[in-house]
Amino acid sequence: MKRNKRVLAIWLAAALGISTLTGCAGGGNDSSGASDGNSAGETAETETTADTTETTETADAAQTESADAAAYDDTPYTFKVISENSPDDPTSDVYAIKLALDDYKKEHPNFDYEFEVVKKYDIASKIAILISSNDVPDLFTYEDGTSLDALIERDAIVNISEDFSRIGVELEDVVLPGAISSKHVLSNYEDIYSLPMQLTTNGVWYNKQMFAEHGWNVPTTWQEFQDLCVDIKEAGIQPLACNGADKWPITRWIMLYADRMEGENVHLDASQNKNGRSFRDPIFVEAATEAQKMFQNGYFGEGFNTVEASTQYQMFLTGQTAMMYSGSWLLATWTDPEVNTLGEENIGYFIPPGIEGSQVDMDRASKMDDLSCATALCLGKEKFETGKTHDFLRYLFTTLGDRQSEVGIMTPYVTTEELEYSPTQQIIVDQLQESLYPTLWFEAKMDSASTDVALENAQLLAEGTMTPEEYCERLASSVDESFLAE
Amino acid sequence: MERVLRDKKAILLFMLPAMLVYTIFVFFPMCQSVYFTFFEGTPNVDFEFVGLENYAKLFHDVDFKESFLITMQYFLVTGGGWVILGLVVALMLQYGMKRFSNLSRTIAYLPVVIPGVAAAALFSKVLEVTPTYGLVNSLLDALGLEQFIRGWTGDSATAMWMVCLVDLWKGIGYYTVIFYAGLVNVPTELEEAARIDGAGRLTVIWKIVLPLLKPVTVMCVVLAIMNSLKVYDMPVVLTDGGPGRTTTVLSIYMYKTAFTKWQYGYGSTIAVVLLLLILVLTQAVMRFERKSEK
């Protein structure tokens, strides 16, 4: 009896501990459904395109060229979308997609949609689970660059270069040429596998009113920028807001310094041990030291590792900080008077300046830009192959440019209406025209393990518990495991 | 009715639905997870048989060792705290606050009913430093202890302690109620007899109450082992495993390995290690109990 109790106790312990195991086993379903999608897709391809009243002239022209796209046959269909941002927030980048879904639904009562919001860094795991259970959504946002390779290798997303035209419109007719080019820069393949979400540029937003009141000027050199931070801090104001909880805003300062010292590709080369570059190079130790110094000097305030993006914006808009490094995705926020209490006219923007005496001259540094289209918009391959969504996708992408412009997003899609820019939008348009030396963000070309190493250790580097040498060594060692040194 | 309940076939019939659900939703995924440990890649896509390679990898994985130690720290601080403080609070309720027993028990149990995510969100505000001071930093500021003001959950020196403390606060009530139920069942005659013989309150607790509470204590220890080793929600919501990897417990590491690094096989291996760890520690407690019984 005692032995039975013992066995029972062990069994109960195992049963209660099981939840840790089931998490890993949830994705293992049969893949029998995969082939059905292909046959349905083949059928769909034979059907002809139906005109919808909402499509633009551009789309109509394109439809005649691509007659193999399917019309929606009005059978019940639920279009699934996963995104990191809420579709109900008018400042969100997926708000325009939701508007398109709503309008399309009005004309097609049997068409429905589900929007699932997943935290940015959980999207990869969510999609991984859905791939194993053959349930990749119709449309989802994902981090572009090397991260996307895992989905391409698993044949989970549509090859845009090859298959986009099957929806009844050519890619070049709906996406701006510059956006397509930047997608090619991001892709590690000859073809592109994602669509752009918006045109983005990154830089320092600053409070014009505060600068004018204190007589501060926009810095023209890196040293002036550092001196400005000292002046702002001495005035009792936090110089920069930083959403360190997201980690990437910390690594960005390493990249900014290194690129301004030795060129815009130096970090991309080191990410794959290309052109004799490695994160062990003295320039990266110097850049990490400079970034650490900025955090240790208090330019980003206290507790930066706990600050999230929403807090960062709040601090900037309420005048708690004079500047913040972020992207042009904030335009929708700046142009919304209900959210932007500071007033659009009081917001300025500059690209972090060059470093005197470096290999990169000041003019080139001012035209460097870490762009662009960093959020990938992907189409799930299995559902795309059924052909049931082609009609909606054609409707979406032929109207997305106008919809995004209306809500204040710098759209990478073709628009049919003359655009009138607000003051902050105009700043970004001008900046994008100036960006002659674009590059990608710090982790863009790293493998997933190295991305983790770069991001996780960044917080320790910033708080000063990890030395710049150790940070660079760990990152370089991780890169070495995936890419042999040339 | 009695005849029906003696019929083994009838018993089996009654148990069948529950067993079926358990087998499909718990036992089968568990076996599948063990099966996954011999593979690498993504199920249904590029799953390759690798034998025991995933188990061998554990011995060279620095991150695994780090997460293992963090988990053990959590187990000792939080798991140990649940049992010890749970017992202390239960003794206080039974012997020190009899007049307000109902109210005190409700207050002690209240944090247990708050969802873990809500408790984490609440404490992230309490421990906040930016954009405004939370309760803790405001108090430190008011007391003139500015040198201690910090981002408690974003500082690698304090983040793990904060996760432990918040979960400790949330879990104590659960163990308190179990201990309290055990204390209520301790025969009062024994305590009275000891007091007549001249034993003080502490001696009664030490010599009479605690030995009688042993079965309940063992159960609490086993529960604390399981609940602390498989912790996930609190560190994820409060610190997201950071800063750095300072709060990345094994379950977070398992999740990230499987679902963000696309290593299902290795992720499953970490899950199996966690299960074995729970089994070994539980077995150790049971053996200790049997030995002391002899």
Side-chain angles (χ1 to χ4, degrees), chain A residues 2 6 9-10 12-31 34 121-122 124-126 128-129 131-134 150 153-156 238 241 244-245 247 301-307 311 314-315 318 320 448-449 452 456-460 462-463 465-466, chain B residues 22 25-34 36 42-46 124 128-131 149-151 153-157 222-223 225-227 229-230 232 240-246 248 250-251 254-256 258-262 264 267-268 270-272 274-275 278-279 282-283 286 290:
Chain A
K2 261 189 179 177
R6 220 167 80 202
I10 294 170
L12 283 174
L16 283 168
I18 266 162
S19 57
T20 55
L21 279 165
T22 50
C24 268
N29 292 338
D30 287 333
S31 56
Y121 292 108
D122 289 338
S125 44
K126 178 83 187 176
I129 295 165
I131 286 177
S132 335
S133 52
N134 296 318
E153 285 160 18
R154 284 158 182 83
D155 203 23
Q238 185 177 314
K247 298 164 191 162
E302 292 174 308
F304 45 79
N305 278 342
T306 60
V307 175
T311 310
Q314 184 197 340
M315 290 173 75
T318 54
Q320 275 183 274
S448 65
D452 270 2
E456 283 172 351
N457 291 329
Q459 291 186 321
L460 301 179
E463 70 168 19
T465 49
M466 182 178 273
Chain B
Y22 184 82
F25 293 107
V26 180
F27 191 69
F28 176 68
M30 186 186 76
C31 293
Q32 205 178 21
S33 242
V34 176
F36 281 0
T42 311
N44 304 326
V45 183
D46 56 354
S124 65
E128 196 173 67
V129 69
T130 303
I149 291 173
R150 58 176 72 203
T153 54
D155 188 323
S156 61
V222 170
L223 286 172
I225 288 170
M226 288 184 293
N227 290 335
L229 289 181
K230 65 189 181 78
Y232 179 80
D240 196 22
R245 300 189 75 260
T246 47
T248 304
L250 274 178
S251 51
M254 174 206 76
Y255 180 81
K256 284 189 174 174
F259 300 119
T260 64
K261 293 183 184 169
W262 303 85
Y264 280 80
S268 298
I270 297 166
V272 168
L274 203 49
L275 176 74
I278 291 171
L279 287 177
T282 310
Q283 180 68 356
M286 306 302 281
R290 278 197 307 278

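Any value given below was found using the heavy atoms of this structure, including those in side chains, with hydrogens, waters and symmetry copies removed. Every chain is numbered from 1, with letters handed out A, B, ... down the list of sequences.
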Participant: Among N457(A), T318(A), T311(A), which residue forms the greatest number of heavy-atom pairs with chain B at distances under 4.5 Å?
Facilitator: T311(A)

Participant: What distance do T130(B) atom OG1 and N305(A) atom CG have between them, rounded to the nearest 0.5 Å?
Facilitator: 10.5 Å

Participant: Measuring only between side-chain heavy atoms, which start at C-beta, is S156(B) closer than 4.5 Å to L460(A)?
Facilitator: yes

Participant: Locate the shortest heavy-atom distance separating I129(A) from Y264(B); write the atom from each residue and the value.
Facilitator: N-OH, 3.6 Å

Participant: Counting only heavy atoms closer than 4.5 Å, note whether E463(A) contacts chain B via side chain, backbone, both or neither.
Facilitator: side chain

Participant: Say whether, by atom type as modelled, one donor and one acceptor occur between the side chain of Q459(A) and the main chain of G244(B) under 3.5 angstrom.
Facilitator: yes

Participant: Got a donor-acceptor contact below 3.5 angstrom from the S448(A) side chain to the K261(B) backbone?
Facilitator: no

Participant: In Å, rounded to the nearest 0.5 Å, how long is the span from CG of D155(B) to OG1 of T306(A)?
Facilitator: 10.0 Å

Participant: Check P131(B) against M315(A) and note the closest heavy-atom contact, atom names and distance.
Facilitator: CB-CG, 3.7 Å

